[in-house]
Amino acid sequence: MTRSSLIDSALSRSALRRAFTRARANGGAAGGDGITAAAMTRGLETALDALVREVRRGRYQPGPLRAVPIPKRDGSTRVLRIPCLRDRVLQGAVASVLVPVLDPLMHPGSFAYRPGRSVPLALRSLRRGQGWALDADIRSFFDEIGHHPLRRVLKQKVSCLETRQLIGIWLGSFGRRGLAQGSPISPLLANTALGPLDSALSKHGRLVRYADDFVVVCADKAGAREARRTAEQTLRFAGLRLHPDKTRIVPPGMSFTFLGTELVLHSRDRRPQKQLKNKMKLSLRRETISPGEHIERVLREGWKNMLNLTGRS
DNA sequence: GCAGTGATGAC
RNA sequence: AUUGUCAUCACUGC
C-alpha cells in the first residue's frame with residue numbers, strides 16, 4: 001500500500017548522509033579502492049550525487065572488497081571483507097530503510113544485530129527454561145550461506161524491486177555464496193536468511209538464536225534430537241551444516257556456554273537446585289577478569305543474570 | 001532527543 | 001594497520 005518506494009528513501013540525501021557519518025564515526029577505513037573517509041569528506045555531495053545517479057540509471061557497480069585477516073580470541077582467524085566506503089554508505093542507507101520493514105517480521109527468539117535487543121535480553125529469555133537444550137552452532141555461516149534461499153525470502157518480504165536488485169548486485173559482489181563480514185547490510189541479510197530456520201525450530205521448543213549460534217529448549221532428549229534434525233534439514237537448503245564440535249545436546253543440570261556465559265537448565269522435576277547454586281558461584285568468579293571500573297558493571301550484570309536466569313550467568 | 005570522543009561485550 | 005551490526009557505560013558539545 002505504500003506509494004513511495006523503498007529505494008527513494010534509501011537514496012535520499014538524509015539517509016545517505018547519515019550512513020556516511022556512521023561509516024566515518026566507525027573508523028572509516030578504506031575498502032578495495034583505497035578511498036578513505038577523509039578523502040570522501042571532501043566533495044561528499046558530488047560523490048553522493050554520482051552514487052544516486054549510477055543507481056538510478058542501473059549503472060551502479062560496487063568496487064572491490066578488501067580482505068583483512070583478523071585473529072580471533074580462540075586463536076583461529078576470520079577474514080573480513082570490507083567494501084569500498086561509497087558502497088558501505090549505500091549499503092548502510094539501504095539497511096536503514098529496510099530494518100523497519102524486515103525487523104518486525106523477524107522471530108522473537110532472534111536476538112543478534114536487532115534494535116532494542118542485546119545479549120543480556122537473549123539470556124534472560126532462557127529464564128525458567130526447563131528440560132534438554134540443543135546448543136548448536138552453524139559452521140562457517142557467513143562464508144557459506146547460499147544466496148538463492150535468501151533471495152527467495154527477500155522476494156516475499158520486500159516489495160520494492162529496485163531495492164531487491166541492489167541487494168542482488170551486492171550478493172554477486174560477495175561471490176558465489178556467503179555474506180561479506182564488514183558490509184553494513186550483512187547482519188540484516190543474515191537474520192533474514194535464517195527466518196525459515198527460526199520458524200522451523202520454534203516448533204520444537206523455546207528458541208534463542210544469536211547469529212549463527214542458537215539454543216532450543218526441549219522437553220526431553222528425543223525432542224532435542226528432533227530439533228537437531230530439523231535444523232540440519234532446514235540448513236541444508238541454504239548449503240549450511242551444523243558445526244559437529246560446537247553442537248551438543250545438553251541434559252538438565254549440566255552446564256553449557258552460550259553467548260559467553262555458562263548456563264544450566266532446570267530439570268522438569270526441579271531436583272538439582274543444589275548443584276545449581278555451586279555452579280552460579282563458580283561462574284561469577286570466573287567473570288571478574290576485567291580491567292578498571294568495568295569490573296563493577298560486569299559484577300552487576302552477573303548478579304542480575306543470576307537472579308533472573310534459571311541457569312547462571 | 002541529536003552530534004563528537006573513549007571504552008566494554010556478543011557474533 | 002581492524003570491518004560491520006547491536007547493546008551498554010563514561011566524557012564533551014547543541
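Per chain, numbering begins at 1; letters A, B, ... match sequence-line order.
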Could you tell me whether the phosphate oxygens of C:rG4, OP1 or OP2, come under 4.0 Å of any side-chain nitrogen or oxygen in A:R88?
yes
Residue pair A:R81/A:S118 against RNA chain C: nearer the 5' end by closest nucleotide is A:R81
Next on the checklist: Once you apply a heavy-atom cut-off of 4.0 Å, does A:A29 come out as touching a base, just sugar-phosphate, or nothing?
Outcome noted: sugar-phosphate
Could you go through A:R225 and A:D220, starting from their C-alpha distance and side-chain angles, then the distance that decides it, and tell me whether this counts as salt bridge (charged side-chain N to carboxylate O under 4.0 Å, His left out)?
CA-CA 9 Å; A:R225 285 194 170 138; A:D220 49 33; over 6 Å; no
Between A:I185 and A:V119, the residue closer to the 5' end of RNA chain C by nearest nucleotide is A:I185
Please classify the nucleic acid contact of A:G92 as base, sugar-phosphate, or nothing, using heavy-atom distances under 4.0 Å.
nothing
Looking only at B:dG9, C:rG4, B:dG4, the nucleotide nearest the A:A23 side chain is C:rG4
message: Working note: A:E226 + A:K221, criterion salt bridge (charged side-chain N to carboxylate O under 4.0 Å, His left out); need CA distance, chi angles, decisive distance, verdict.
response: CA-CA 9 Å; A:E226 284 166 26; A:K221 190 176 185 179; over 6 Å; no
Would you say C:rC6 has OP1 or OP2 under 4.0 Å from some side-chain N or O of A:R22?
yes
Any side-chain heavy atom of A:L194 sitting closer than 4.5 Å to one from A:L197? yes
Rounded to whole Å, CG of A:L179 lies from P of C:rU5 at a distance of 14 Å
ask   = Is it true that A:E45 and A:R17 have a side-chain N and a carboxylate O under 4.0 angstrom from each other?
value = yes
What nucleic acid atoms does A:L259 come within less than 4.0 Å of, heavy atoms only: base, sugar-phosphate, or nothing?
-> sugar-phosphate
Between CZ of A:R114 and C1' of C:rG4 the distance, given in whole Å, is 18 Å
From OH of A:Y113 across to C1' of C:rU3 the rounded distance in Å is 12 Å
In Watson-Crick or G-U wobble terms, with both distances under 3.5 Å, the base opposite C:rA1 is none
note: A:F142, atom CZ; C:rU3, atom P; distance rounded to Å ~ 17 Å
By the Watson-Crick or G-U definition, both distances under 3.5 Å, B:dA7 is matched with C:rU8
**Asked** Does a salt bridge link A:R81 with A:D143, judged by any charged N lying under 4.0 Å from a carboxylate O?
**Response** no
Atom CZ of A:F174 and atom C1' of C:rU3 are separated, to the nearest Å, by 12 Å
Checklist entry - Transitively linked via ILVMFWY side-chain contacts under 4.5 Å: A:L105 with A:L98? => result no
Does A:S186 reach a base, just sugar-phosphate, or nothing at all? Heavy atoms under 4.0 Å. nothing
Separation of C:rU5 atom P from A:D103 atom CG, nearest Å, is 15 Å
| message | Please classify the nucleic acid contact of A:L80 as base, sugar-phosphate, or nothing, using heavy-atom distances under 4.0 Å. | response | base
Taken to the nearest whole Å, CG/A:N26 to P/B:dG6 is 12 Å
When rounded to whole Å, the CG to C1' distance for the pair A:L121 and C:rA7 reads 10 Å
field: Side-chain N or O of A:R18 closer than 4.0 Å to phosphate OP1/OP2 of B:dC2
entry: no
Closest to the side chain of A:T21, out of B:dC11, C:rU2, B:dG4, is B:dG4
